[in-house]
Amino acid sequence: MKTTLIVGAGGVSRVVVHKCVQNSDVFGKIVLASRTLSKCEDIKNELPDANIEVAQVDADSVEELVKLISTCRADIVINVALPYQDLTIMDACIATKTPYLDTANYEHPDEAKFEYKLQWERDEKFKEAGIMGLLGSGFDPGATNMFCAYAQKHYFDEIHTIDILDCNAGDHGYAFATNFNPEINLREVSSKGRYWENGEWIETEPMEIKMVWDYPEVGPKDSYLLYHEELESLVKHIKGLKRIRFFMTFGQSYLTHMKCLENVGMLGIKEVEHKGQKIVPMEFLKTLLPDPASLGPRTKGKTNIGIVAEGIKDGVKKKIYIYQVKDHEECYKETNSQGVSYTTGVPAMIGAKLMLKGIWSGQGVFNIEQLDPDPFMVEMNTQGLPWKVEELEA
Ligand code: NDP
C-alpha cells in the first residue's frame, strides 16, 4: 500500500485530503503533517473512516522533514504548506529520494519575488536522486497551464497569444477578506504588474491595466492585469508565443480596502518597531483578517478560470477559450471548503495521482505543462472540475 505525505493543514490541504481519501485505492495511507497538530486533527476528524495519521512538523527544517519522510516511508510528498517552505521540502525529498509536488513557486519571506529560479536549479539533484518534482499543480498555476498545453497539443500549430482569465465571483459577506493565505494573496496583488510580449517583460503599476471580460455563467467583470508565476514557465514551453498576460477580477470594495491598507503601510513585509517589539505589518494584518478556511460556509457564487489562446492551425487563424466554472456552495458540500481552496486542491490531488500511477513519470524538476495534458484533463472532468472549450471568432 502506498503512503502519501501531505504537508500543511490549511484550506487547500483540507481539499487535498478529502480528494485523496476519495481516491484511496491510489493514495493508500495518508500522513497529514503541519506546524499546528490540532489543524491536522480537525481535518482527520472530518473523515473518521479514512486511513489518516497526523504528525507535527516544522517544514522550515530539512532535518525534521527528512526524519518524517523516512519514518512514514512516503511514496510522494504533496506540499500544500506555504511557498516559503518549497525549498526545504524539495531538499528533504532529494535527501530521501521521494517524489515531490507543489502548487506555488518559492517565495522568500522578506521579498515579494515570484520566480522558479531556485526550484529549477534543483533539477540536477532531482535527476541524480532519480525522482520527479512537479511544480505548480494547483489551478493557476496548474489547470491553466494544462489548458495551454492541451490547446497546443490539440488545437494549434502555433499559439501566438494567451490571456489567462481568473474570476472569483464568490461573495463571503465580509467587507474585506482573502480567499487563500492573506499574506501570499496580498503580496501577489499589491506587486507591480508584468506581462510578456515579443521576448520582453513589460512592467506596469499595480492594477494599471484593466479590461472587462464576460465570464460564462458569471457575467461581465472588471479584470486587472497582474504578474502571475505561470507566465514565467509558459513563455519557455509554449511554441511560437508572442504575448502572454494574466488577468484577475477584483471588486471595488476589495480594491478600496487594499489601497487604504497599502497607503498606511499595512501591506509592508519588512519589520517595524512597535512598543519595543519587532512586527511585520503584513503578518499582523493576517492575524486580524478572517481565516480563509472559515469562509467556506459563507461563500456563495462561482469561480470561472480559463485561458483564451489565439494562433494558427493549418495556416488558418484560430481562437479558443477553455474554462472551468465551479460553484462555491457545491465545493463546501463536498469538502467543507470554499471554491478557491477546492479548485487548487483538486489539481494537486490529480497531479499526485498521475505520478503515483506512473502515468506521468520522469526524473528532474518539471513545470506541469511539460507533461501530457490528456490524462489530467480527463481526471478534471471526473474529479469535480469539468471544463469547456469554445471556439471564438479569430
Ligand atoms: P493556509 O495558510 O490556509 O495553509 C498553510 C498551511 O501551511 C497551514 O496549515 C500552516 O500551518 C502550514 N505551515 C506554514 N508554515 C509551516 C511550517 N513552517 N511548517 C509546517 N507547516 C507550515 O494556505 P492555503 O491552504 O490557502 O494555501 C496553501 C498553498 O497553496 C500556498 O502555497 C498557496 O500559495 C497555494 N495556492 C495555490 C493556488 C494555485 O492555484 N496554484 C491557489 C491558492 C493557493 P499553521 O496554520 O500552523 O501556520
Side-chain angles (χ1 to χ4, degrees), residues 8 10-12 35-36 60 81-85 104-115 140 166-195 201-212 221-229 231 245-296 298-301 303 328 338-341 344:
V12 176
R35 181 162 53 191
T36 313
D60 290 322
L82 295 179
Y84 312 139
Q85 281 84 48
N105 71 4
Y106 173 69
E107 278 177 56
H108 191 281
D110 299 336
E111 308 166 61
K113 210 170 173 191
F114 318 100
E115 57 179 23
D140 45 345
D166 178 334
C167 167
N168 176 12
D171 182 6
H172 42 58
Y174 287 115
F176 186 69
T178 63
N179 291 290
F180 66 97
N181 185 283
E183 222 181 302
I184 305 298
N185 181 244
L186 291 168
R187 280 158 70 118
E188 181 176 279
V189 301
S190 59
S191 297
K192 293 230 180 203
R194 203 157 24 122
Y195 64 99
W201 289 104
I202 295 155
E203 198 169 86
T204 69
E205 288 307 310
M207 310 288 173
E208 184 187 333
I209 297 182
K210 178 180 113 171
M211 68 159 179
V212 177
K221 291 273 173 202
D222 289 348
S223 307
Y224 296 84
L225 186 143
L226 298 185
Y227 177 69
H228 222 243
E229 63 196 62
L231 304 184
R245 306 182 297 186
F246 179 96
F247 289 88
M248 191 179 266
T249 59
F250 294 99
Q252 259 325 308
S253 170
Y254 184 98
L255 292 178
T256 309
H257 277 80
M258 214 183 74
K259 196 83 220 144
C260 294
L261 291 166
E262 193 171 27
N263 285 345
V264 296
M266 281 301 289
L267 302 186
I269 56 175
K270 300 261 184 257
E271 282 184 344
V272 294
E273 184 103 5
H274 174 70
K275 293 193 172 173
Q277 267 192 318
K278 299 240 185 260
I279 61 161
V280 176
M282 180 81 96
E283 283 176 7
F284 176 63
L285 176 63
K286 184 185 169 202
T287 64
L288 299 178
L289 290 175
D291 178 358
S294 72
L295 302 179
R298 343 175 13 121
T299 308
K300 298 183 183 359
T303 61
H328 283 283
Q338 36 85 2
V340 174
S341 301
T344 309

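Start at 1 with the first residue, then count along the sequence.
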(message) Using 30° and 60° as the class boundaries, would you call the ring planes of His228 and Phe246 parallel, tilted or perpendicular?
(response) parallel
(request) Measure across Tyr227 and Lys192 and return the closest heavy-atom pair with its distance rounded to 0.1 Å. (result) CB-O, 4.1 Å
(request) Indicate yes or no: at least one non-hydrogen side-chain atom of Arg194 is less than 4.5 angstrom from one of Leu231. (result) no
(message) Has Thr299 got a side-chain atom pairing as donor or acceptor with Gly170's backbone, closer than 3.5 angstrom?
(response) no
(request) Nearest 0.5 Å please: distance from the SG atom of Cys260 over to the CE atom of Met266. (result) 12.0 Å
(message) Testing the basics here: between Ala104 and Pro83, what is the closest heavy-atom pair and its distance to 0.1 Å?
(response) CB-CG, 4.0 Å
(request) Before accepting this row, confirm whether a basic side-chain N of the pair Lys286/Glu283 lies closer than 4.0 Å to the acidic partner's carboxylate O. (result) no
(request) Side-chain contact test, heavy atoms from C-beta onward, threshold under 4.5 Å: evaluate it for Arg298 versus Tyr174 and give yes or no. (result) yes
(request) Classify the angle between the aromatic ring planes of His108 and Tyr106 as parallel (below 30°), tilted (30 to 60°) or perpendicular (above 60°). (result) perpendicular
(request) Could you tell me the separation between the NE2 atom of His328 and the OG1 atom of Thr303, rounded to the nearest 0.5 Å? (result) 5.5 Å
(request) Compare all side-chain heavy atoms of Leu285 with those of Leu261 and state whether any distance is below 4.5 angstrom. (result) yes
(message) Show the nearest heavy-atom pair for residues Ser191 and Arg187, with the distance to one decimal.
(response) OG-O, 2.6 Å
(request) Examine distances only and state if a side-chain atom of Glu262 and a backbone atom of Lys259 form a donor-acceptor pair shorter than 3.5 Å. (result) no
(request) Taking all heavy atoms of Lys221 and all of Ala169, pick out the closest pair and write down the distance. (result) CE-CB, 4.1 Å
(message) Quick check: do Leu226 and Val189 have side-chain heavy atoms less than 4.5 Å from each other?
(response) yes
(request) Quick one: list whatever passes salt bridge (charged side-chain N to carboxylate O under 4.0 Å, His left out) with Lys278, sequence neighbours left out. (result) Glu273
(request) Mind checking the CG-OH spacing from Asn168 to Tyr254? Nearest 0.5 Å is all I need. (result) 10.5 Å
Taking distance alone, no hydrogens or angles, what donor-acceptor pairs closer than 3.5 Å link side-chain atoms of residues 175-182 to residues at least two apart or in another chain?
unit_1 : atom_1 : unit_2 : atom_2 : d
Thr178 : OG1    : Phe180 : O      : 2.8
Asn181 : OD1    : Glu183 : N      : 3.1
Asn181 : OD1    : Ile184 : N      : 3.2

(message) Under the rule for ring pair (Phe, Tyr, Trp, His ring centres under 6.0 Å), what residues qualify as partners of Phe247, not counting sequence neighbours?
(response) none
(message) Quick check: do Pro290 and Leu295 have side-chain heavy atoms less than 4.5 Å from each other?
(response) yes
(request) Would you mind reporting whether Met258 and Leu186 have side-chain heavy atoms less than 4.5 Å apart? (result) yes
(request) State whether Asp222 and Lys210 are salt-bridged, where the test is any N-O pair (Lys NZ or Arg NE/NH1/NH2 against Asp/Glu carboxylate O) under 4.0 Å. (result) yes
(request) Identify the heavy atoms of Leu267 and Met282 that sit nearest to each other, and give their distance. (result) O-CE, 3.5 Å
(request) Apply side-chain hydrogen bond (donor to acceptor under 3.5 Å, both in side chains) to Asn105 and Glu115, showing your working. (result) CA-CA 6 Å; Asn105 71 4; Glu115 57 179 23; over 6 Å; no
(request) Output yes when a side-chain donor or acceptor of Glu188 lies under 3.5 Å from a complementary backbone atom of Asn185, and no otherwise. (result) no
